There are 2 protein chains.
Amino acid sequence: MSANSRMSLAVHILTWLAYDRRGTDKEVATSQRIATSVNTNPVVIRRCLGQLKDAGLVEVTHGRNGGWNLARPAEKISLLNVYQALPEEPIFGMHASDPNAECYVGFGIQHTLGQVYQEATEALCRSLSATTVADVLRDTLAFHSVSAGAR
Amino acid sequence: MSANSRMSLAVHILTWLAYDRRGTDKEVATSQRIATSVNTNPVVIRRCLGQLKDAGLVEVTHGRNGGWNLARPAEKISLLNVYQALPEEPIFGMHASDPNAECYVGFGIQHTLGQVYQEATEALCRSLSATTVADVLRDTLAFHSVSAGAR
DNA sequence: CTAAAGTGTATCCACCTTAGTTACACTAAC
DNA sequence: GTTAGTGTAACTAAGGTGGATACACTTTAG
């Protein structure tokens, strides 16, 4: 149960939606159906989808025949969008207990670390922004073909 | 108690060592003294120092008057070295439960995600490699002066 | 109008990780 | 041989996580 699996969950859901919504007269995309692909509980899916909805990445319709859809084409949803849609959780956390402010190092180090961490996080974000949900879907389906061919 | 505060702890320790070891006829750098700056328990410090020692970033002497020292100048210890010295913990975890392999998306997505995550992590590492412990020490002490001056 | 099929959310549980702590064997200098 | 350190095992308390159940709310189908 690794800490930050939420990113994987969110990307999986969006990729699944992109795959499932390609046709028109399809079954409705419910949290139950998504849960089957992800192999988890529908509530877990809804919790995640709620965050993606707040970020404007997906849309929901309520009531009977209600369900989910991408708010815009998969080509226009980058993994950076997904990352930012999730509740902020710093890559590097600060000290569990605040350092001793009487110490020359302890006094200023959190400020310095904050700057370093911000730069590193920005580099990571730039990398994430280069990939879209459409890319993930394409590569995932391609991997499927390769594996099938290898058998 | 944020997840990955180990990086902050390790950098703090190395920075403290760099600061403390500048003179020659100083007091010995014990885990107890470091713990006072970090404001935690000496065992926590020793656990971390043990990993830094395994990575060749610090040296230890045992017995009476034993203690710690940087294994090489602070200018030659990058934050990437520190990051890699810590037990590997991926930035992004995979799904808590394996996806449904029967699903076209579920089958290949972990492979795709793995590639994306690796690229992003490499970008982060490149950023970390640009800063050294000596840089952190300099900026931290500078912050101290600025704050003092502002009072 | 009512039943059905969805979402939204609160609550609980089991599990895991973590920092912190105590205790103690081991090591080397004085 | 005493003293002052490290190395490490074991335990505790706290917090976060995914998962599960339950139920109120919403909308469509009939």
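Given the structure is predicted, the values throughout are model-derived calculations rather than measurements. Proteins get letters first, then strands, A, B, ... in listed order; numbering begins at 1 in each.
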Whichever of R47(B) and A29(B) has the more 5' nearest nucleotide on DNA chain D, that residue is A29(B)
Take the protein atom [atom1] of [X] and the nucleotide atom [atom2] of [N], then report the distance between them rounded to whole Å.
X	N	atom1	atom2	answer
N4(B)	dC16(C)	CG	C1'	16 Å
Q32(A)	dG19(D)	CD	P	14 Å
R33(B)	dT6(D)	CZ	P	11 Å
L52(A)	dT7(C)	CG	P	14 Å
L86(A)	dG16(D)	CG	P	17 Å
E89(A)	dT17(C)	CD	P	15 Å
N41(A)	dG8(C)	CG	C1'	14 Å
Q51(B)	dT6(D)	CD	C1'	15 Å

According to a strict under-4.0 Å criterion, is [X] in side-chain N/O contact with OP1 or OP2 of [N]?
X	N	answer
S31(B)	dT6(D)	yes
S5(A)	dT17(D)	no
T30(A)	dG6(C)	no
T40(A)	dG18(D)	no
K53(A)	dG8(C)	yes

Identify whether any heavy atom of V28(B) sits under 4.0 Å from a base atom; if not, whether one sits that close to sugar-phosphate; answer base, sugar-phosphate or nothing. nothing
According to the interplanar angle, ranging from 0 to 90°, do the rings of F92(A) and Y83(B) count as parallel (below 30°), tilted (30 to 60°) or perpendicular (above 60°)? perpendicular
Do the rings of H95(B) and H12(A) sit parallel, tilted or perpendicular, given the 30° and 60° boundaries? perpendicular
What nucleotide, of dT6(D), dT21(C), dG18(D), holds the atom closest to the side chain of R6(A)? dG18(D)
Consider the side chain of A96(A), meaning its heavy atoms from C-beta on, and name the nucleotide among dG19(D), dT6(D), dG20(C) that approaches it most closely. dG20(C)
Evaluate I77(B) against T132(B) for side-chain contact (heavy atoms from CB on, under 4.5 Å), listing each step before the verdict. CA-CA 5 Å; I77(B) 302 178; T132(B) 68; 5.9 Å; no
What distance do I13(B) atom CD1 and Q51(B) atom CD have between them, rounded to the nearest 0.5 Å? 9.5 Å
Take nucleotides 23-29 of chain D nucleotide by nucleotide from the 5' end and write B, S or -, depending on whether a protein heavy atom sits under 4.0 Å from the base, only from the sugar-phosphate, or from neither. ---BBBS
The criterion is side chain to side chain donor-acceptor pair (under 3.5 Å); which residues satisfy it with D139(B), sequence neighbours excluded? none
Could you pick out which residue, V44(B) or L49(A), lies toward the 5' side of DNA chain C when each is mapped onto its nearest nucleotide? L49(A)
Is a side-chain donor-acceptor pair under 3.5 Å present for R72(A) with N81(A)? yes
Contact between V60(A) and R46(A) at the side-chain level, heavy atoms closer than 4.5 Å - yes or no? no
Kindly work out whether a path of hydrophobic side-chain contacts (I/L/V/M/F/W/Y, heavy atoms less than 4.5 Å apart) joins V133(A) to L86(A). yes
